[in-house]
Amino acid sequence: LLALTILGNNSAIPAYGRNPTAQVVQTNDENYLIDCGEGTQLQLSKYSIKRSKINKIFISHLHGDHYFGLIGLISSMGLIGRTNDLHIYAPAPLEQILHLHLQAANTTLPYQLYFHALKEEGEIANDKKISVKAFKVNHRIECFGFLFTEKKNPRKILPERAKAYEIPEAYYGELQKGKDYTTKKGTIISNEDVTEAATDARCYAYCADTIYDETIIPKIKGAHLIYHETTYLKDLEERAAARFHCTTVQAGNIAKLAGVEKLLIGHFSSKYELLDDFLAETKTVFENTELALEGACFKI
Ligand SMILES: [Zn+2]
Ligand SMILES: [Zn+2]
């Protein structure tokens, strides 16, 4: 399982029942939280996503609509007696902000909080099933996107075939790596005869808040799923640029140029009540687009 659930999709101010930005990448073992706008805790419980399975939180940048829910979540985790380590990956100034909050409340958390300041592009987390890379995007303040890549599964053994060739089980690890087997008589059993290819490693790119910027294309090229902001409809391209945001058509262009499979759009301006035009406009450029609606879960 590798899936993405949307918790918040609005920009700046909560509006029309929409919450500021937060999403969660889910595997069987862990929940990876991306951004944590105000209201994220309530959204987590609304969509039955376990706080206890969140061990890593990724904050793209320090505009409030992307992290004002974080101190609440951190304190709640303490109040319910969490003991597992929590890792936060974010631009450097957030460490002081969190520290001041905790200090002013004379709070000592019952778990270890590790802060990792984002500086350079590159791998920031490397777990059993997933690797996470940060990449820079072009916004009004320092801002990062995140690339989640599933680790490539080893090849699958076909046990009946392997037994028929009398391959010892001790050699199965080598078969999974793709090696052939040589019998005692010197016959070579081709790996393809006794294994099958694993499923493709899936990849999700969260492109955060950004101005239209084609330099991110090589960083997200070929991803299976990307999220790209569409703060405005296409008629407000000038305003979008002035505020370091994007329009529908621009997001569609990025998805098309990067050759991705599917595009999710969000970070809608609070001036819009209805979202139908966002979808229609983006689809004119990139057909496989969906709205990042709250509560929606997308298989990556
Ligand atoms: Zn924002
Ligand atoms: Zn922003």
Side-chain angles (χ1 to χ4, degrees), residues 1-5 23-34 48-58 83-87 89 112 114 116 120-135 145-206 217-227 255 258-264 288 296-300:
L1 169 101
L2 189 60
L4 174 77
T5 298
Q23 319 186 335
V24 57
V25 171
Q26 295 168 276
T27 69
N28 290 330
D29 311 325
E30 277 196 64
N31 292 329
Y32 298 82
L33 184 64
I34 308 171
S48 308
I49 292 164
K50 284 196 177 135
R51 266 184 301 219
S52 58
K53 280 172 82 177
I54 299 174
N55 299 318
K56 297 189 173 71
I57 301 176
F58 304 87
T83 52
N84 286 353
D85 297 347
L86 181 70
H87 296 265
Y89 304 81
Q112 274 296 327
Y114 293 98
H116 308 267
E120 302 302 323
E121 300 196 326
E123 187 172 74
I124 50 173
N126 188 345
D127 290 347
K128 206 164 71 190
K129 296 211 173 125
I130 287 213
S131 135
V132 187
K133 281 184 188 151
F135 59 93
F146 302 108
L147 188 71
F148 291 77
T149 309
E150 193 184 21
K151 294 217 172 136
K152 205 157 170 46
N153 296 317
R155 294 184 66 85
K156 267 192 209 135
I157 309 257
L158 302 167
E160 264 114 72
R161 300 268 201 98
K163 272 179 204 145
Y165 285 113
E166 296 178 346
I167 300 175
E169 276 184 37
Y171 195 79
Y172 282 11
E174 302 300 312
L175 291 182
Q176 286 178 311
K177 289 180 202 156
K179 286 197 184 151
D180 295 336
Y181 178 70
T182 309
T183 64
K184 282 173 196 154
K185 287 178 187 161
T187 315
I188 292 170
I189 312 295
S190 154
N191 189 280
E192 281 84 51
D193 276 354
V194 289
T195 67
E196 63 181 13
T199 46
D200 224 14
R202 309 295 289 173
C203 180
Y204 170 60
Y206 172 80
I217 288 163
K219 302 170 193 172
I220 61 170
K221 195 138 195 114
H224 298 93
L225 181 69
I226 69 164
Y227 163 89
V260 305
E261 236 172 68
K262 189 190 187 83
L263 166 66
L264 298 181
N288 196 9
C297 181
F298 302 92
K299 204 168 166 275
I300 295 171

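Residue numbers start at 1 and run along the sequence shown.
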Query raised in the report: Is there a side chain to side chain donor-acceptor pair (under 3.5 Å) between Gln176 and Thr195 once you walk through the steps?
Result: CA-CA 7 Å; Gln176 286 178 311; Thr195 67; over 6 Å; no
**Report entry** Spacing of CG belonging to Asp29 relative to NZ belonging to Lys128, to within rounding of 0.5 Å
**Finding:** 5.0 Å
Query raised in the report: Should Asp127 and Glu30 count as side-chain neighbours, where that means a heavy-atom distance under 4.5 Å?
Result: yes
Query raised in the report: Do Phe58 and Ile124 come close enough that some side-chain heavy atom pair is under 4.5 Å?
Result: yes
**Report entry** Trace of the side-chain contact (heavy atoms from CB on, under 4.5 Å) decision for Leu225 with Leu264
**Finding:** CA-CA 8 Å; Leu225 181 69; Leu264 298 181; 3.8 Å; yes
Query raised in the report: Does the side chain of Thr5 come within less than 4.5 Å of Gln23's, by heavy atoms?
Result: no
Query - Student check: side-chain heavy atoms of Lys56 and Tyr89 closer than 4.5 Å - result: yes
Query raised in the report: Would you say Leu147 and Val132 make side-chain contact, with heavy atoms under 4.5 Å?
Result: no
Report task. Work out which heavy atom in Leu2 is nearest to a heavy atom in Arg202; give both atom names and the distance. Result -> CD2-CB, 3.9 Å
Query raised in the report: Side chains of Tyr181 and Glu166: do they bring a donor and an acceptor to under 3.5 Å?
Result: no
Query - Given Lys151, Glu123, Glu150, the one that forms side-chain hydrogen bond (donor to acceptor under 3.5 Å, both in side chains) with Ser131 - result: Glu123
Requested in this report: Name all pairs fulfilling the salt bridge (Lys or Arg N to Asp or Glu O under 4.0 Å) condition that reach into residues 178-190, sequence neighbours left out, sorted by first residue then second.
Outcome: Glu174-Lys179
Requested in this report: Evaluate the side-chain proximity of Tyr204 to Ile226: yes if any heavy-atom separation is below 4.5 Å, no if none is.
Outcome: no
Requested in this report: Give the intermediate values and the outcome of side-chain contact (heavy atoms from CB on, under 4.5 Å) for residues Thr182 and Thr187.
Outcome: CA-CA 5 Å; Thr182 309; Thr187 315; over 6 Å; no
Query raised in the report: Any side-chain heavy atom of Val25 within less than 4.5 Å of one from Asn31?
Result: no
Report task. Starting at NE2 of His116, measure out to NE2 of His87 and round the result to the nearest 0.5 Å. Result -> 5.0 Å
Query raised in the report: How far apart are the closest heavy atoms of Cys297 and Gln26, and which atoms are they?
Result: SG-OE1, 4.5 Å
Query raised in the report: Does the side chain of Ile130 reach to within under 4.5 Å of the side chain of Thr149, using non-hydrogen atoms?
Result: no
Query raised in the report: Where do Leu4 and Val24 land on the side-chain contact (heavy atoms from CB on, under 4.5 Å) test, with the steps shown first?
Result: CA-CA 6 Å; Leu4 174 77; Val24 57; over 6 Å; no
Report summary line: One should read off an interatomic distance between Phe146 CZ and Lys133 NZ, to the nearest 0.5 angstrom, of 14.5 Å
Query raised in the report: Once you round to the nearest 0.5 Å, how far does NZ of Lys53 lie from OH of Tyr32?
Result: 10.5 Å
Query raised in the report: When rounded to the nearest 0.5 angstrom, what is the spacing between CD1 in Ile54 and CG in Leu33?
Result: 5.0 Å
Query raised in the report: Do other residues, nucleotides or ligands put more than 12 heavy atoms under 6.0 Å from the NZ atom of Lys50?
Result: no
Query raised in the report: Nearest 0.5 Å, what's the CD1-NE2 distance between Ile300 and His224?
Result: 10.5 Å
Requested in this report: May I ask you to say whether Lys219 pairs ionically with Glu121, meaning some side-chain N is under 4.0 Å from a carboxylate O?
Outcome: yes
Requested in this report: Decide side-chain contact (heavy atoms from CB on, under 4.5 Å) for Val194 and Ile157; before the verdict, give the C-alpha distance in whole Å, the side-chain angles of both, and the deciding distance to 0.1 Å.
Outcome: CA-CA 6 Å; Val194 289; Ile157 309 257; 5.9 Å; no
